[in-house]
Structures are given as C-alpha cells and as structure tokens.
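Keep in mind that what you see is a predicted model, and the values were worked out from it rather than measured. We count residues from 1, following the sequence as given.
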Amino acid sequence: MLAALLYSGPEAAWSHYTAAEQLGLITPDSNRPVHVTIPEHRRVRRQPNLVVHRDQHWAARLAAVVPPRRTPAHAVLDIVGSTRSLDRAAAVIAEACQSGRVAPAEIATALAVRPRLRHRRSLRPIIEDVAAGSHSLLELRYLRDVERRHALPTGQRQRAVDREFTDVFYAGFELVVELDGRLHLVPRQRWRDLDRDNRATLRTESTLRYGWFDVTGRPCQAAVQVLQVLRRRAPALAAKRCGPACPVR
C-alpha cells in the first residue's frame, strides 16, 4: 500500500476505499486494489492492483496526516461517487458515521463543494437520516420503505435504555422495532437478541424484529404488523397505502 503511494509520486495521496480503510471508516478488505489520487496535471503509468484518480482540487481535500490521504469526509464521498448503487452509497455513509471518525455534518459540508458528484441530489436526505440516528442501510431502508412510505409515526432512533440502544422506539405506543441484517450463526448473538427482547417485555414494551428480507422484500407486510401494534393504543391511527396492492388499511 505504501509502495503504491511512493510509486505514484510525491503529490499522491491515498483516497477512496484505501483512505477510508486507513482512517477506520469502513471494514478493510484485502481484495480491494489500492486507490490513490494525484493532481489533474500529472500522469502515472498503470500498474496491477493500483487505481489512480486525478483531481484538480487535490490539495484542498487532504487530511493533515502522514502518509498523505483524503480527509474522512472526502474519502467517503470518493467512494460514493464511484458506486452506481444509491443503496451502496447510503451504506458507506452510514458505516463511516457509525465509526465515530466522521460526522454527518462534515460529509454534508464536503458535499457542498462537489457539485458533480454522482447521487448528489439524493445524498443530503440520506445524510440527514444518518444524523437522526439511522446507523445502517437496513435502518435507512426501514425508515424509507416501511415507516415513511406508509405514513407511520416517526420512531425515535437509537434510544438509550438498559445500557443498550434500541433501533426504533415508538414513544407513547411502547413498541420497539429491532433491525438486524446479519444471519446469526453465533449462539451468543442469538441469545443476546433474545435477552434484549425479554427485557423489553419486562418494561411492558412490545418488540418486533425484522431482517433484511423483511424490510426489502415485504415492507408492506412489516408496515401492517407495526400498525397493528401501534393501533392497540391508538385505534384510529391513520396510515397510507403505498400502492394498489398494498395491504395497509
């Protein structure tokens, strides 16, 4: 990795996935090539496992560290601009902010000086949702496809209780929604989830737990279940069908 930086010349800096990994923003992956950025006027001959980017604003987007690399916010936006999928872009922003090494406000500030970035118009509401407490792509998809699309009440994100955080809590309805995109093959994690659900019951709170398929594959059915629990305390609570086949009433 350092050799790739030296090969690219004295003005080269780690960027994109490489900078994000070095800054602790995303999980490292040894299969990724090394990404470096150089000033726009320079050229570097291609090499295996090396991706060279050119940027006219190279100097303004560097962190004050050695070896040189992008600032955390610009490293995140480098990745966002290189991905075709908005879901992938949202996942990178959520993961980076959850690391605690970059704030949503810093990414928003960096976004303001990158007018040609891919997905730019869609990124600001995603950044706002991450700032409000959505810590993963699954949480962002639940907020968009289950809660907002069906006009459900807005839940409280990342409520601190019993020395842990609940993903979504509907205050006044005593409902907790837990979201988990992992497949729990480790018994310890499975029992931790069960213990969390049991403690919610002891607080007289109901718990609904959804995985990736529930939220992305059948969001309307999840909305129906959430609505059924919410209406235990507010029978006249209104909701909205998202389409002709939506089962929400």
Short side-chain to backbone donor-acceptor contact, R70 and A13, under 3.5 Å:
no

Tell me if a side-chain donor or acceptor on R88 pairs with a main-chain N or O of A91 at a distance below 3.5 Å.
no

Please enumerate all residues that pass side-chain contact (heavy atoms from CB on, under 4.5 Å) together with E147, with sequence neighbours excluded.
Y142, L143, L152, T154, R157, V168, Y170

T204 OG1 to E174 CD distance, which is reported to the nearest 0.5 Å:
5.5 Å

Is there a chain of hydrophobic side chains (I, L, V, M, F, W, Y, each step under 4.5 Å between heavy atoms) that links V65 to V34?
no

Just jot down the side-chain contact (heavy atoms from CB on, under 4.5 Å) partners of D29, sequence neighbours excluded, or say none.
E21, N31, R32

Residues which pass salt bridge (Lys or Arg N to Asp or Glu O under 4.0 Å) with E11, listed by chain and number, not counting sequence neighbours:
none

So, the side chain of R209 versus the backbone of D180: is there a donor-acceptor pair under 3.5 Å, distance only?
no

Under a single-linkage definition using a 4.5 Å side-chain heavy-atom cutoff for Ile, Leu, Val, Met, Phe, Trp and Tyr, are L138 and L140 assigned to the same hydrophobic cluster?
no

Tell me whether M1 shares a hydrophobic cluster with Y17, the cluster being built from Ile, Leu, Val, Met, Phe, Trp, Tyr side chains joined at under 4.5 Å.
no

Least distance between heavy atoms, A20 atom then I79 atom
CB-CD1, 3.8 Å

Could you state whether V51 and V36 fall into the same hydrophobic cluster, counting links through intermediate Ile, Leu, Val, Met, Phe, Trp or Tyr residues with side-chain heavy atoms under 4.5 angstrom apart?
no

Of all heavy-atom pairs linking I38 and A12, the shortest is CG2-CB, 3.9 Å

Using only atom types and a distance under 3.5 Å, with no angle test, would you say the side chain of Y210 pairs donor to acceptor with the backbone of P219?
no

Between the CZ atom in R114 and the NE2 atom in H57, the distance rounded to the nearest 0.5 Å is 9.0 Å

Backbone N/O of R118 and side chain of R121: donor-acceptor pair under 3.5 Å:
no

SG (C220) and CG (L227) are apart, to the nearest 0.5 Å, by 12.0 Å

Closest non-hydrogen atoms of L111 and R124, given as atom of the first, atom of the second and distance, are CD2-NH2, 4.0 Å

Nearest 0.5 Å, what's the CZ-NZ distance between R148 and K240?
11.5 Å

Taken in chain and number order and not counting sequence neighbours, the residues that satisfy salt bridge (Lys or Arg N to Asp or Glu O under 4.0 Å) with D145 are R141, R149

Would you check, one step at a time, whether the test side chain to side chain contact (heavy atoms under 4.5 Å, CB included) holds for H41 with R54?
CA-CA 8 Å; H41 66 272; R54 294 163 55 237; over 6 Å; no

Any donor-acceptor N/O pair, H119 side chain to T83 backbone, under 3.5 Å:
yes

Tell me, do L5 and P68 make a side-chain contact under 4.5 Å, heavy atoms counted?
yes

Judged by atom type as modelled, is there a donor-acceptor pair below 3.5 Å linking the side chain of R69 to the main-chain atoms of A19?
no

Residue set satisfying side-chain contact (heavy atoms from CB on, under 4.5 Å) with S99, at least two apart, ordered chain then number -> L25, R101

Run V92 and V76 through side chain to side chain contact (heavy atoms under 4.5 Å, CB included) and show every step you take.
CA-CA 7 Å; V92 169; V76 171; 4.1 Å; yes

If you compare all heavy atoms of A4 against all heavy atoms of L50, which two are closest, and at what distance to 0.1 Å?
CB-CD1, 3.9 Å

Are a donor atom and an acceptor atom from the side chains of E95 and T27 found within less than 3.5 Å of each other?
yes

Do the non-hydrogen side-chain atoms of S82 and H53 ever get within less than 4.5 Å of each other?
no

How close do S8 and V44 get, heavy atom to heavy atom, and via which atoms?
O-CG2, 3.6 Å

What distance do L77 atom CG and S15 atom OG have between them, rounded to the nearest 0.5 Å?
12.5 Å

Answer whether the closest heavy-atom distance between the side chains of V177 and V146 falls below 4.5 Å.
no

Enter the distance from L137:CG to I93:CD1 here, rounded to the nearest 0.5 Å.
10.5 Å

Close side-chain approach of H74 and V113, heavy atoms under 4.5 Å:
yes

Could you walk me through whether L23 and V102 pass the side chain to side chain contact (heavy atoms under 4.5 Å, CB included) check?
CA-CA 9 Å; L23 291 164; V102 65; over 6 Å; no

Looking only at heavy atoms, which two atoms of H150 and C242 are closest? And how far apart?
NE2-SG, 3.5 Å

Are V224 and L179 grouped together when hydrophobic residues (ILVMFWY) are joined by side-chain heavy atoms under 4.5 angstrom apart?
yes

R159 meets the side-chain contact (heavy atoms from CB on, under 4.5 Å) criterion, sequence neighbours left out, with Q156, V161, T166, F169, V176, R203, E205

